[in-house]
Amino acid sequence: MKVEHRPIGFFDSGVGGISVLREAVKLLPGEDFVYFGDSNNAPYGIKTVDEANKLTFEAVDFLISKNVKAIVIACNTATSAAIINLRKKYSSMMPVIGIEPALKPAVELKREGQIIIMATPMTLAESKFNNLMKKYENQAKIYPMPCPGLVELIEKGILEGEEIEGYLRSKMEPLKKQGVAAIVLGCTHYPFIKKVLCKLLNNEVPIIDGSLGTVKQLKRELIKYNIASERKEGGKVDIYNSLNNDEIIKLSYDLLK
Ligand code: DGL
């Protein structure tokens with residue numbers, strides 16, 4: 001099979017990366033995609049970096065076995081833990097794209113108040129994020145907000161209702177007094193609860209996620225490696241999950257819509 005006809009591999013610790021995949025399907029409708037979610041081992045955000053790195057390499061091996069031509073680590077946590085090592089191993093063969101909290105567009109809005117970065121504890125603790133923070137800390141007030149437990153709810157398909165609202169209210173309420181300039185969704189699961197966040201913030205605060213930026217980067221890399229599909233439509237999506245049950249596969253396809 002010609003390289004350009006091979007699928008693009010997407011990976012996340014669970015169903016979160018579907019929020020990035022759905023942007024990719026829109027931007028690159030002629031490409032085929034293989035998605036692997038490791039819900040059996042989610043969440044990664046409270047594991048050690050070594051564990052997350054090892055699990056990410058195993059997931060990438062699975063995608064390689066599906067003959068992918070490019071890899072997108074659609075998980076901020078796995079990107080923090082493994083992207084440098086993955087690029088060392090694979091970038092001579094294929095593009096390896098990661099995702100990080102979209103702090104730059106939030107700073108550029110120049111709004112009053114704090115920029116809240118919602119992410120997993122590992123993403124916020126790792127050097128990738130700390131370097132990003134150093135770059136912008138003189139230009140804006142940045143408030144890193146670890147959200148342990150939130151990924152678990154989303155993995156169960158709980159995207160609205162009192163449990164999610166109560167969780168987010170307890171996080172956001174104490175910060176409202178100082179003013180919220182923007183929210184950055186630094187975990188690919190969180191776009192699925194954006195509606196609840198908007199409601200809690202009375203639709204007054206911009207909520208930013210990095211999916212589109214990541215997918216644009218994927219497009220540039222496909223062109224650079226000269227492996228973009230020449231098809232303009234008709235691409236397909238295959239979803240796999242380490243949980244291997246019908247519910248998680250159904251939830252994944254539902255989230256893609
Ligand atoms: N979607 C992952 C991320 O972007 C979730 C991490 C987790 O499994 O804790 O960080």
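We use all heavy atoms of the structure for the numbers below, so side chains are in, but hydrogens, waters and symmetry mates are not. All values derive from a computational prediction rather than experimental measurement.
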Could you tell me whether the side chain of [Y] reaches within less than 4.5 Å of the side chain of [X], counting heavy atoms only?
X	Y	answer
Tyr190	Ile183	no
Leu197	Met172	yes
Val20	Ile99	yes
Met118	Ile207	no
Gln217	Arg220	yes
Ile83	Lys128	yes
Pro101	Asn76	yes
Lys176	Leu201	yes

Quiz item: Of all residues at least two apart in sequence or in a different chain, which pass the ring pair (Phe, Tyr, Trp, His ring centres under 6.0 Å) check with Phe192?
Solution: none
Self-check item: Residues that Phe10 engages under ring pair (Phe, Tyr, Trp, His ring centres under 6.0 Å), provided they are two or more places apart
Solution: Phe33
Quiz item: With sequence neighbours excluded, what pairs up with Glu126 under the salt bridge (Lys or Arg N to Asp or Glu O under 4.0 Å) test?
Solution: none
Quick one: side chain to side chain donor-acceptor pair (under 3.5 Å) partners of [X], sequence neighbours excluded?
X	answer
Glu230	His5
Lys171	none
Ser19	none

hydrophobic_cluster_shared for [Y] and [X], side chain cutoff 4.5 Å:
X	Y	answer
Leu28	Ile18	yes
Val72	Leu27	yes
Leu185	Leu168	yes
Leu55	Ile64	yes
Leu159	Tyr253	yes

Quiz prompt | Val60/Lys89 under side-chain contact (heavy atoms from CB on, under 4.5 Å): CA gap, chis, key distance, verdict | solution = CA-CA 11 Å; Val60 167; Lys89 183 161 177 195; over 6 Å; no
Salt bridge [X]-[Y], side-chain N to carboxylate O under 4.0 Å:
X	Y	result
Asp32	Arg231	yes
Lys224	Glu221	yes
Glu173	Arg169	no
Arg111	Glu204	no
Glu23	Lys26	yes

In Å and rounded to the nearest 0.5 Å, what is the [atom1] to [atom2] distance from [X] to [Y]?
X	Y	atom1	atom2	result
Ile71	Phe11	CD1	CZ	11.0 Å
Leu200	Lys195	CG	NZ	13.0 Å
Leu63	Ile73	CG	CD1	7.5 Å
Leu21	Ile239	CG	CD1	6.5 Å
Ser80	Asn53	OG	CG	11.5 Å
Gln114	Lys177	CD	NZ	11.0 Å

Quiz item: Apart from Met1 itself, what residues make up its hydrophobic cluster, given side-chain heavy atom links below 4.5 Å?
Solution: none
Quiz prompt | Other ILVMFWY residues reachable from Ile115 by side-chain steps of under 4.5 Å | solution =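 Grouped by the 4.5 Å side-chain rule, Leu103, Val107, Ile117, Leu124, Phe129, Leu132, Met133, Tyr136, Ile142, Val184 form the rest of the cluster around Ile115.
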Show me the side-chain donor-acceptor pairs of residues 145-156 shorter than 3.5 Å, one per line, residues at least two apart or across chains.
{"unit_1": "Glu152", "atom_1": "OE1", "unit_2": "Gly149", "atom_2": "N", "d": "3.4"}
{"unit_1": "Glu155", "atom_1": "OE1", "unit_2": "Ser39", "atom_2": "OG", "d": "2.7"}
{"unit_1": "Glu155", "atom_1": "OE2", "unit_2": "Val15", "atom_2": "N", "d": "2.7"}
{"unit_1": "Glu155", "atom_1": "OE2", "unit_2": "His189", "atom_2": "NE2", "d": "2.7"}

Keeping the roles fixed (side chain from [X], backbone from [Y]), state whether a donor-acceptor pair exists under 3.5 Å.
X	Y	value
Arg22	Leu256	no
Asn241	Gly14	no
Tyr35	Val237	no
Asp38	Ser242	no

Which heavy-atom pair separates [X] from [Y] by the least distance, and what is that distance?
X	Y	answer
Ser229	Lys69	N-NZ, 3.7 Å
Thr214	Gly98	CG2-O, 3.6 Å
Ile227	Pro95	CD1-CD, 3.8 Å
Asp12	Ala74	OD1-O, 3.3 Å
Ala70	Leu218	CB-CD1, 4.4 Å
Ala182	Val205	CA-CG1, 3.7 Å

Practice problem: Evaluate the side-chain contact (heavy atoms from CB on, under 4.5 Å) criterion for residues Arg6 and Val3: first the C-alpha distance (whole Å), next the side-chain angles of each, then the deciding distance (0.1 Å), finally the verdict. | Solution: CA-CA 5 Å; Arg6 283 161 47 191; Val3 186; 4.1 Å; yes
Exercise. Not counting sequence neighbours, list each pair that qualifies as a ring pair (Phe, Tyr, Trp, His ring centres under 6.0 Å) and has a residue in residues 60-119.
Key: Phe36-Phe62, Phe62-Tyr240
Practice problem: Not counting sequence neighbours, list each pair that qualifies as a ring pair (Phe, Tyr, Trp, His ring centres under 6.0 Å) and has a residue in residues 151-185. | Solution: none
Quiz prompt | Ile84 atom CD1, neighbour heavy-atom count above 12 within 6.0 Å | solution = no
Exercise. Determine whether more than 12 heavy atoms belonging to other residues, nucleotides or ligands lie under 6.0 Å from atom CD of Glu108.
Key: yes
Quiz item: Are Tyr44 and Thr56 close enough, and set up right, to give a side-chain contact (heavy atoms from CB on, under 4.5 Å), and what steps lead you there?
Solution: CA-CA 10 Å; Tyr44 282 16; Thr56 303; 3.9 Å; yes
Give every donor-acceptor pair under 3.5 Å between a side-chain atom in residues 243-251 and any protein atom, sequence neighbours left out.
{"unit_1": "Asn245", "atom_1": "OD1", "unit_2": "Glu247", "atom_2": "N", "d": "3.2"}
{"unit_1": "Asn245", "atom_1": "OD1", "unit_2": "Ile248", "atom_2": "N", "d": "2.9"}
{"unit_1": "Lys250", "atom_1": "NZ", "unit_2": "Asp254", "atom_2": "OD2", "d": "2.7"}

